[in-house]
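Each remark here refers to the structure printed beneath this line.
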Amino acid sequence: METYDYVIVGGGSAGCVLANRLSSDPDVRVCLLEAGGKDDWIWFHIPVGYLFAIGNPRADWCFQTEPDPGLNGRSLKYPRGKVLGGSSAINAMLYLRGQKADYERWRASGLEGWGWDDVFPVFKWHEDHFLGASPNHGAGGEWRVDQARMRWEILDAFADAAEACGIPKVADFNGGDNEGSAYFQVNQKRGRRWSAARGFLKPALGRPNLTVITGALADRVLFEGTRASGVAYRRDGREERVAASREVVLSAGAVASPAILERSGVGDAARLAELGVPLVANLPGVGENLQDHLQLRTVFKVEGTRTLNTMYPKLLERAWMGIEYALFRRGPMAMAPSQFGAFTRSSPDHATPNVEFHIQPLSLDRFGEPMHPFGAFTVSVCNLRPTARGSIHARSTDPAAAPAIRPNYLSTDEDRRVAIDSIRLARRVVEAPALARFRPTAHLPDARLVTDEELAKAAGDIGTTIFHPVGTARMGVDCDSMAVTDARLRVRGVSGLRVVDASVMPTIVSGNTNSPTIMIADKGAAMIREDRRRG
């Protein structure tokens with residue numbers, strides 16, 4: 001059994017950052033275990049490749065939720081990246097930090113070191129912004145941020161319509177207050193996806209003290225008493241083990257990390273007894289506190305303007321898309337799934353923006369399925385701070401068995417109220433004069449649905465995940481019985497084990513979650529290195 005100082009479980013967004021930072025100390029040996037493969041498929045690098053990656057077992061774990069009462073009994077596909085770079089290799093590439101108030105809320109709960117003034121320098125430190133260094137952005141870091149490389153008439157008109165409805169045009173969503181509308185900034189470089197593997201892992205691969213093992217499906221953390229001593233994983237049909245002399249770091253994400261903890265004997269004692277797993281630490285919060293952004297994909301048919309729905313079926317248009325991308329790295333093949341966004345309040349009751357619009361010049365029932373055969377655009381709106389809480393738990397001790405995912409969407413009165421208000425807000429913006437020349441008509445949900453009861457049911461019919469699961473191993477203070485990790489991301493009740501990924505968020509951030517996860521990983525790596533120096 002090979003021994004390393006640190007064993008990192010999961011080569012996704014957080015794992016790539018950890019591998020880079022921890023292996024920067026030449027006298028430290030680091031092993032990164034990734035259950036997926038290498039990012040050597042073309043669609044991991046061309047931005048539009050998400051259409052081919054999501055739902056494809058080569059790139060996606062293809063998880064599914066349990067039937068959800070809030071979604072009228074529907075089960076959702078729950079994509080997670082199955083490759084070095086993790087979900088950053090198949091996601092929307094949108095660069096968003098969330099709101100200052102999100103992190104101030106974390107700090108106010110007793111989590112010292114996690115306020116806005118603590119995390120803002122970390123975001124800047126690893127950033128390489130297309131406009132260069134400024135008071136709000138960094139330059140020269142590993143995490144590339146570019147501007148969108150294509151504009152659409154329908155999206156520009158939406159910006160005018162939103163402005164008429166009180167949503168101002170802004171230049172940047174990342175200053176701490178993201179209210180307004182703008183084209184999203186994206187994790188791309190010259191029209192190619194910039195994943196965490198490309199930005200953080202690949203520059204470190206030549207270091208002799210870093211070992212990366214792909215195809216390594218983590219089974220469980222090994223313990224000597226209550227000290228984490230290594231990891232057992234499956235590769236090529238057999239069990240292998242690797243030892244950690246200092247720490248094991250779980251960075252497998254909000255879906256996989258809690259299941260690994262449970263298979264390792266860390267979790268709710270009664271649940272582990274049902275699984276037949278010997279108890280190492282009784283932590284009832286493992287797998288609880290799941291939060292996700294539910295998006296309501298309202299779709300409007302339009303006329304007299306280009307949308308991807310009408311362009312893609314035409315062979316000449318499709319050929320030109322390929323030529324334009326090959327020659328200039330521009331055009332629809334360079335697009336993120338959502339090009340334009342807006343942050344606002346669904347009602348005056350909210351102190352800061354509580355909903356986010358993702359506007360797309362295309363429409364489909366869900367990603368991985370064909371676009372609609374008519375001109376249309378999607379006005380997707382999500383509740384940024386859901387009050388519903390779900391769970392993710394291991395079904396068995398088999399690491400290949402998908403966990404049970406229960407998001408509990410729309411299970412609170414407040415979440416249903418926000419959903420109803422959000423659909424009405426989307427309609428109000430689309431009905432503004434700036435969009436009238438395109439004669440928009442509601443396709444989903446049906447325009448005849450207008451009462452609170454009808455719109456609440458419609459939200460359950462059209463709602464789907466926007467792929468932001470967090471919180472299943474959340475940080476908390478000592479007196480919090482449901483906290484899994486402390487403010488330094490150490491798993492409670494044991495030693496030598498941390499969780500460093502989106503699992504540790506106590507509450508979800510008000511925006512897309514990938515870059516906040518990378519920030520958490522950078523802070524976590526700094527904490528690990530500090531603790532090592534202190535001995």
Side-chain angles (χ1 to χ4, degrees), residues 12-13 16-17 20 38-54 59 79 81 83-97 123-134 136-152 155 171-174 178 182-203 308 321-341 356 358-362 367 466-468 511-519 521-522:
S13 295
C16 288
V17 176
N20 179 299
K38 298 179 180 179
D39 60 341
D40 53 3
W41 188 35
I42 188 173
W43 295 119
F44 289 137
H45 305 289
I46 296 176
V48 79
Y50 68 89
L51 287 172
F52 307 101
I54 291 177
V83 62
L84 286 172
S87 293
S88 75
I90 66 172
N91 71 357
M93 298 164 283
L94 305 185
Y95 181 71
L96 292 158
R97 298 171 177 169
F123 281 116
K124 287 185 63 177
W125 166 255
H126 58 231
E127 186 180 17
D128 185 23
H129 197 268
F130 69 97
L131 290 177
S134 69
N136 200 37
H137 289 286
E142 298 90 349
W143 198 224
R144 177 67 184 180
V145 179
D146 251 340
Q147 61 185 333
R149 298 174 69 83
M150 185 176 184
R151 299 182 73 93
W152 294 80
L155 303 186
D172 188 359
F173 290 134
N174 291 298
N178 52 17
Y183 278 86
F184 285 117
Q185 295 175 7
V186 292
N187 293 121
Q188 295 181 9
K189 186 170 185 178
R190 292 192 290 273
R192 295 187 70 206
R193 175 187 289 273
W194 194 260
S195 71
R198 193 173 173 202
F200 292 94
L201 184 60
K202 290 189 177 178
L308 203 57
M321 291 180 198
I323 293 169
E324 186 178 21
Y325 184 77
L327 294 179
F328 309 112
R329 293 289 188 266
R330 294 186 177 276
M333 291 186 70
M335 287 185 356
S338 298
Q339 293 77 53
F340 194 85
E356 176 184 5
H358 291 82
I359 320 301
Q360 303 152 356
L362 57 87
F367 286 113
I466 204 166
F467 322 133
H468 296 164
N512 298 57
T513 54
N514 191 56
S515 289
T517 299
I518 284 174
M519 176 276 294
D522 223 349

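Throughout, residue positions are numbered sequentially from 1 according to the sequence presented.
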Hey, what do you get for [atom1] ([X]) to [atom2] ([Y]), rounding to the nearest 0.5 Å?
X: Glu142; Y: Cys16; atom1: CD; atom2: SG; value: 11.5 Å
X: Gln185; Y: Leu96; atom1: CD; atom2: CG; value: 8.5 Å
X: Phe130; Y: Asp146; atom1: CZ; atom2: CG; value: 7.0 Å
X: Ile42; Y: Ile46; atom1: CD1; atom2: CD1; value: 3.5 Å
X: Glu324; Y: Arg330; atom1: CD; atom2: CZ; value: 8.5 Å
X: Phe123; Y: Asp522; atom1: CZ; atom2: CG; value: 10.5 Å

Tell me whether Arg97 is salt-bridged to Glu127, with the criterion being a basic N under 4.0 Å from an acidic carboxylate O. yes
Compare all side-chain heavy atoms of [X] with those of [Y] and state whether any distance is below 4.5 angstrom.
X: Ser87; Y: Phe467; value: no
X: Met321; Y: Leu308; value: yes
X: Val83; Y: Lys38; value: no
X: Arg190; Y: Phe328; value: no
X: Ser134; Y: His129; value: no
X: Asn512; Y: Glu356; value: yes
X: Pro47; Y: Met93; value: yes

Ignoring hydrogens and angles, tell me if any N or O in the side chain of [X] forms a donor-acceptor pair with the backbone of [Y] under 3.5 Å.
X: His468; Y: Ile466; value: yes
X: Lys124; Y: Ala139; value: no
X: Asp128; Y: Arg144; value: no
X: Gln339; Y: Phe184; value: no
X: Arg329; Y: Tyr325; value: yes
X: Ser195; Y: Ser88; value: no

Just wondering, more than 12 heavy atoms not from Lys202 lying within 6.0 Å of its NZ? yes
Tell me, yes or no, whether the heavy-atom count around Trp125 atom CH2, taken from other residues, nucleotides or ligands under 6.0 Å, exceeds 12.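 No, because the 6.0 Å sphere around CH2 of Trp125 holds 12 heavy atoms or fewer from other groups.
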Please test Arg198 against Arg192 for side-chain contact (heavy atoms from CB on, under 4.5 Å), starting from the C-alpha separation and ending with a verdict. CA-CA 10 Å; Arg198 193 173 173 202; Arg192 295 187 70 206; 3.4 Å; yes
Where Phe173 and Gly341 come nearest, the two heavy atoms and their spacing: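 In this case the closest contact between Phe173 and Gly341 is CZ-O, 3.4 Å.
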Shortest non-hydrogen contact from Ala196 toward Gly12: CB-O, 4.4 Å
Determine, stepwise, if the pair Trp43 / Leu51 fulfils side-chain contact (heavy atoms from CB on, under 4.5 Å). CA-CA 9 Å; Trp43 295 119; Leu51 287 172; over 6 Å; no
Out of Asp39, Asn187, Val48, Asn91, which one pairs with Arg193 under the side chain to side chain contact (heavy atoms under 4.5 Å, CB included) rule? Asn91
Going by the angle between their ring planes, with limits at 30° and 60°, are Phe340 and Tyr183 parallel, tilted or perpendicular? perpendicular
Tyr95 vs His137 aromatic rings, parallel, tilted or perpendicular, using cut-offs 30° and 60°? tilted
Apply side-chain hydrogen bond (donor to acceptor under 3.5 Å, both in side chains) to Gln360 and His358, showing your working. CA-CA 7 Å; Gln360 303 152 356; His358 291 82; over 6 Å; no
Pair Asn514, Ser13: side-chain N/O donor-acceptor within cut-off below 3.5 Å: yes
State whether a side-chain donor-acceptor pair under 3.5 Å links Asn174 with Asn136. no
